[in-house]
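Here's the structure, in structure tokens; my notes come after.
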Amino acid sequence: MTELSQAKPSISERALQASASGARYLAGLNDEQRTAIETVDGPVLVLAGAGTGKTRVLTSRIAHILAAGRAYPSQILAVTFTNKAAREMKERIGGYVGDAIEGMPWLGTFHSIGVRILRRHCELVDLKSGFTIIDTDDQIRLLKQVIEVENIDKDRWPARQLAGLIDDWKNRGLTPERVSKGEAFAFANGQGAKLYAAYQKRLKELNAADFGDLLLECLRLFQSHPDVLQDYHRRFKYILVDEYQDTNVAQYLWLRLLAQGSPNICCVGDDDQSIYGWRGAEVDNILKFEKDFPGATVIRLERNYRSTGHILAAASGVIAHNQGRLGKTLFTDDEDGNRVTVTGVWDDEEEARGISDDIENLGKAAEDLNEVAILLRASFQMRAFEDRFVTLGIPYRVIGGPRFYERQEIKDAIAYLETANNPLNDLKFERIVNVPKRGIGDTSVRKVRELARARGVPLFQAARDIVETEEIGGKARRSLAQLVRSFERWRNQIETQRHTAFAEMILDESGYTAMWQADKSPQAQSRLENLKELIRFMDEFETLAGFLEHVSLVMDTEQANDGQRVTLMTLHAAKGLEFDTVFLPGWEEGLFPHQRALDESGLAGLEEERRLAYVGLTRARRTAKVSFAQNRRTRGLYQSATASRFVDELPEDHIEIQQSQSPFGGSYSNFNNGFGNPYGASRFDEPAKRFESSYDTPGWQRAQSQWRRQGEKSRRGPKLIEGELVASSTAAQSSFSIGTRVHHQKFGFGEVVEVDGNKLTVEFEGNGRKRVVDTFVQAA
DNA sequence: GTTCGCTCACTTTTT
DNA sequence: GTGAGCGAAC
């Protein structure tokens, strides 16, 4: 949409051309997919199992509607959950119908479309044009103030908890007056709803909306202004929804209101992949679709194009233990392939070692490491693998952690820019008023806030006024005065230079860059890098205002695909992705299924965990490896663990027990005996029986299959160059020598004390001795 | 106002 | 075992 417009045929002409050119989008579809695409009239629910071509159907359906001339691009509402999904859809539709996609203004996330609607009618929901969207940090800062003003003990009732409750209420479409008495008691002895109302009032005063409001305020708008709703009814001829199983009540109500205008709503989803119940998703939405939309056509996509037979059967076997499913039977025409391997190991350390060794071997066998992933239940499990990868020199990427725009330094920088751009944004001003530290503490800020409230002016103006008085004294007064002057000076230059230069100027003159330059922590270097990256990214926008609007809504950036890397991420983050080889470690009771899911949500929680297991298994195309540890170090304590019940739910015919390579190898499961497995007899109680001779052991079989694989690979042609990208213990002597000062991304600065091939032992300042591979450090 | 040190908690997370 | 957040000491 940011592209320059040039002379080209009209959208409808191009759409027609696309159709005339042989309906590219219909090629290679199976019958069910074709039905899902061509049934454009009336409500349609597409139950798309994992790997059955869900996105393909959604995008082709849009292409079909356009090509058949059923609607203009601007008459199609297509909603997704993430920016990434929206982006992918745009790209794929673009591939089918050419540039016609540019005319699809209503393809986006629930939130971005919500904003779009609210911006057009903001005055009807008590907002002024140019209202700001606040993030979680701002939300909590604001709630802290609200709690303080209402004289509630902030230690007993933390703002964070209230934020959670309010989010939850908003997810369920509840305005303050509709929060039930009982629920209001969840916070500060029944004052929950009152605080929620006070928070909403403050938001309006600040001319701001939080993420929940983007939907909730739309609902309020539609309900109180039927004429506006009717306008959208006339506009949208077709509605499409991605990942319908993840919709919450507010989103469901939003869709239902919009769908009153046209019965042509098509929801695509998979009840078996509903894993976001804890953040408000209602599986019920998908389960009762036929009731909500009478006469709905339900289409099941059950042909899987992703995984081999054994993997698919294993995943299906596990998910079959869930009650209350709509039920699908996935099948594939692919070969059976490898069985899902199950390995029991002594402890988490051995698990990390074993998996890392496997991956190192895959690397040596010139396998594509971008096609290997480790999927975990919780992010604390990542550390063991990262440590191991760093030692072995296996390149990896972590998906999930704090996103670019969620990093402290990026938020601070944006707060500076936003304050310069919009003096009315109190929350951003408050964020950076004392960052870097300039002697303006809580007391001073509170005084400024009191003045602002008393006079009904923005914080920034109150700050400018207060420094003229004796209200605050000494250093604080001088610093604040200087900060105010700086901002006024910056604002004068906002028009006179390019926004990237402007940003650099602010970050330098405010002392923000200097703050990180002076910081000795290991991450300071990468924070500075991130700030540079931010400036580079800004360059892609025309104006500062355009950039700021983008970042408030789009919290992700494309991660560059830089070479061969193993992927490390949570099971949640893995939904929608696929890999040739997937490792699934940590299948232990208490961790997976997680104890808290069981405690807090009982059977529903267990079933959601089981769906997570299903999601994990179905990410694998060719190889899936499940493992569990007998002992795990959690919270600093070494504790014994039992294999997850999901391990025993894997269907016998599709798994293969793989021996661990530990020195105690093979006899691990005896440790279960005597302690009494609460989930009944496990196949792991009798490990020896399955293998009559040593040539029958999984270890031997695996060795054989590995030889076979290597043979195949080398016949296909040399991949040696890629193989060498992976550091191995036989690599050449490092160019670093003893005594060299080096810098490491994670451990900071240190001195090389030993060199062994390409592996260095480095004494890190404050982090102790670590063995690292030389490619992970730079000379400092 | 800032810094140090203690205590607490610790699943998953998009917008 | 570790990081965040808060209260008490500088």
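Naming convention: chains lettered A, B, ... in sequence-line order (proteins, then strands); numbering from 1 in each chain. The model shown is predicted, which means the values in this text are computed figures rather than measured ones.
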- prompt: OP1 or OP2 of B:dT12 less than 4.0 angstrom from a side-chain nitrogen or oxygen of A:Ser379, does that happen here?
  reply: yes
query: B:dT11 phosphate, OP1 or OP2: any side-chain N/O from A:Thr570 under 4.0 angstrom?
result: no
task: Give a yes/no verdict on a cation-pi contact between A:Arg388 and A:Phe385, requiring under 6.0 Å between NZ or CZ and the six-membered ring centre and an angle within 45° of the axis.
output: no
- request: Tell me, please, whether A:Phe131 has A:Arg119 positioned over its six-membered ring: NZ or CZ under 6.0 Å from the ring centre and within 45 degrees of its axis?
  value: yes
Just call it for [X]: base, sugar-phosphate, or nothing, with non-hydrogen atoms closer than 4.0 Å on any strand.
| X | result |
| --- | --- |
| A:Glu600 | base |
| A:Asn434 | sugar-phosphate |
| A:Thr634 | nothing |

- prompt: With stacking defined as ring centroids separated by under 5.5 Å and planes differing by under 30°, is A:Trp278 stacked against B:dT12?
  reply: yes
How many Å lie between [atom1] on [X] and [atom2] on [N], as a whole number?
| X | N | atom1 | atom2 | answer |
| --- | --- | --- | --- | --- |
| A:Arg610 | B:dT11 | CZ | P | 21 Å |
| A:Gln139 | B:dT14 | CD | C1' | 13 Å |
| A:Leu553 | B:dT15 | CG | P | 9 Å |
| A:Asn83 | B:dT14 | CG | C1' | 9 Å |
| A:Gln251 | B:dT14 | CD | P | 14 Å |
| A:Ile133 | B:dT14 | CD1 | C1' | 14 Å |
| A:Leu612 | B:dT13 | CG | C1' | 12 Å |
| A:Glu609 | B:dT12 | CD | C1' | 8 Å |

Side-chain donor-acceptor contact under 3.5 Å, [X] with [Y]:
| X | Y | result |
| --- | --- | --- |
| A:Ser644 | A:Glu588 | no |
| A:Asp270 | A:Tyr244 | no |
| A:Ser640 | A:Asn631 | no |

Assess whether a salt bridge exists between [X] and [Y], defined as any Lys/Arg side-chain N lying under 4.0 Å from an Asp/Glu carboxylate O.
| X | Y | answer |
| --- | --- | --- |
| A:Arg527 | A:Glu409 | yes |
| A:Arg596 | A:Asp599 | no |
| A:Glu282 | A:Arg172 | no |
| A:Glu243 | A:Lys54 | yes |
| A:Glu607 | A:Arg325 | no |
| A:Asp135 | A:Lys411 | yes |

query: Hey, which of these two, A:Val445 or A:Ala597, hits DNA chain B nearer its 5' end, going by closest nucleotide?
result: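 The residue whose closest nucleotide sits nearer the 5' end is A:Val445.
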query: Given B:dG1, B:dT15, B:dT13, which nucleotide is nearest the side-chain atoms of A:Thr109?
result: B:dT15
- prompt: What nucleotide, of B:dG1, B:dT15, B:dT13, holds the atom closest to the side chain of A:Thr443?
  reply: B:dG1
task: Please lay out, stage by stage, how A:Arg431 and A:Glu418 fare under the test salt bridge (charged side-chain N to carboxylate O under 4.0 Å, His left out).
output: CA-CA 11 Å; A:Arg431 182 183 178 102; A:Glu418 175 66 23; over 6 Å; no
task: Can you tell me, in whole Å, how much space there is between the C1' of B:dT11 and that of C:dC6?
output: 24 Å
- line: With a 4.0 Å cut-off (strictly under) to non-hydrogen atoms of chain A, the first and last hit nts on DNA chain C, 5' to 3', are C:dG1 to C:dG7
List every contact pair, protein side and nucleotides 3-5 of chain B side both N or O, where the distance is under 3.5 Å.
none

Pairs under 3.5 Å (N/O, protein and nucleotides 6-10 of chain B):
residue: B:dC10; atom: OP2; partner: A:Arg596; partner atom: NH1; Å: 2.9

is_close_aromatic(A:Tyr252, A:Trp254), centroid dist under 6.0 Å: no
